[in-house]
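A short write-up of the structure that comes next.
Just so we're clear, the structure is a prediction, and the values are computed from it rather than from any experiment. So that the names make sense, note that chain A is the first sequence line, chain B the second, and so on, each numbered from 1.
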There are 2 protein chains.
Amino acid sequence: MAHPLPDVDDTSGLCEQGRDLIRDVLARVGDKWSVVVICQLGDTSRRFNELRRMSEPITQRMLSATLRGLERDGLVTRTVHDTKPPRVDYALTPRGFSLLEIVRALAGWAEDNAAGIVDSRTAFDAR
Amino acid sequence: MAHPLPDVDDTSGLCEQGRDLIRDVLARVGDKWSVVVICQLGDTSRRFNELRRMSEPITQRMLSATLRGLERDGLVTRTVHDTKPPRVDYALTPRGFSLLEIVRALAGWAEDNAAGIVDSRTAFDAR
DNA sequence: CCGTATCCTTGCAGATACTG
DNA sequence: CAGTATCTGCAAGGATACGG
């Protein structure tokens with residue numbers, strides 16, 4: 001196991017420790033579809049095509065891959081009901097819900113700073 | 001300005017409104033180098049090659065692009081000192097600092113859940 | 001020292017078609 | 001309904017070289 005930076009200064013706090021895994025988590029949050037799916041599962045469990053419709057224009061392939069990734073990290077559960085037309089339910093785990101909280105905080109920040117960011121961009125581009 | 005989704009249901013709360021911009025912000029957080037740079041600027045301002053060394057193995061190209069993106073969004077400032085060897089300082093803006101807070105919260109969550117996630121992955125892969 | 005310009009590879013994601 | 005398989009493009013990013 002590679003030691004995560006036995007570096008001289010640790011002035012950056014949390015951001016320096018466990019770099020790999022943290023980047024992993026950040027990547028998931030940065031992933032377009034993961035966040036969308038997590039948000040949609042925030043209220044109740046959903047079925048595959050239900051998520052597909054809600055997350056348009058996601059492709060089947062991407063939804064499938066996204067869900068498998070989330071399941072792998074223990075963020076969602078996949079429950080197969082052996083009914084006549086097959087039915088699969090996806091739901092957030094406790095860990096998934098705790099991530100949802102953070103994502104919502106981030107979304108809140110984005111909303112609060114949206115106008116300012118747009119202004120900054122306009123100013124920057126006008127040059 | 002485009003209205004942020006005059007959609008039918010808003011069951012997912014914040015995650016549904018202003019989708020485009022929010023995804024933009026999330027993408028920045030998910031971006032490998034942006035977070036690293038923001039964290040390194042958390043304590044004090046830094047010079048270009050200083051950031052370059054601290055963020056290894058980032059390439060010049062990527063650091064340049066990352067910094068320009070952050071500057072464009074008003075997250076960092078770029079200050080050129082007209083000294084004999086050219087010197088450029090990058091620093092976090094107030095907006096940058098406020099994002100740093102969120103990123104640190106996210107990093108904290110990652111640390112708290114690191115072990116659990118690794119376990120989930122191992123269990124998932126062992127099948 | 002602080003970048004930009006160019007080339008070139010790679011991996012991600014869309015489209016499409018098919019299976020249990 | 002709930003996915004997997006294959007093929008293909010396209011753009012992000014590494015390597016390298018050069019300019020202010």
Give a yes/no answer on whether the side chain of [X] brings an N or O atom under 4.0 Å of OP1 or OP2 in [N].
X	N	answer
B/R78	C/dG3	yes
B/S64	C/dT4	yes
A/R47	D/dA2	yes
B/Y90	C/dG3	yes

Response to the item:
Ranking A/P85 and A/R61 by the position along DNA chain D of their nearest nucleotide, the one closer to 5' is A/P85
Worksheet item: Testing A/E71, A/R72, A/R95 for side-chain hydrogen bond (donor to acceptor under 3.5 Å, both in side chains) with B/S120, which one passes?
Response: A/R95
Practice prompt. Determine, for A/F124 and A/R127, whether the Lys NZ or Arg CZ falls below 6.0 Å from the six-membered ring centre while staying within 45 degrees of the axis.
Written response: yes
Worksheet item: What is the distance, rounded to the nearest whole Å, between atom CG of A/L63 and atom C1' of C/dG14?
Response: 14 Å
Item to complete: Could you check whether A/R68 gets within reach of a base, just the sugar-phosphate, or nothing at all, counting any heavy atom under 4.0 Å?
Response: sugar-phosphate
Worksheet item: Do the side chains of B/Q40 and B/L51 get nearer than 4.5 Å, heavy atoms only?
Response: yes
Worksheet item: Would a 4.5 Å heavy-atom cut-off, applied to side chains only, mark B/L75 and B/L99 as touching?
Response: yes
Fill in: Closest-nucleotide ordering on DNA chain C, the 5'-leading residue of A/I58 and B/E50
B/E50
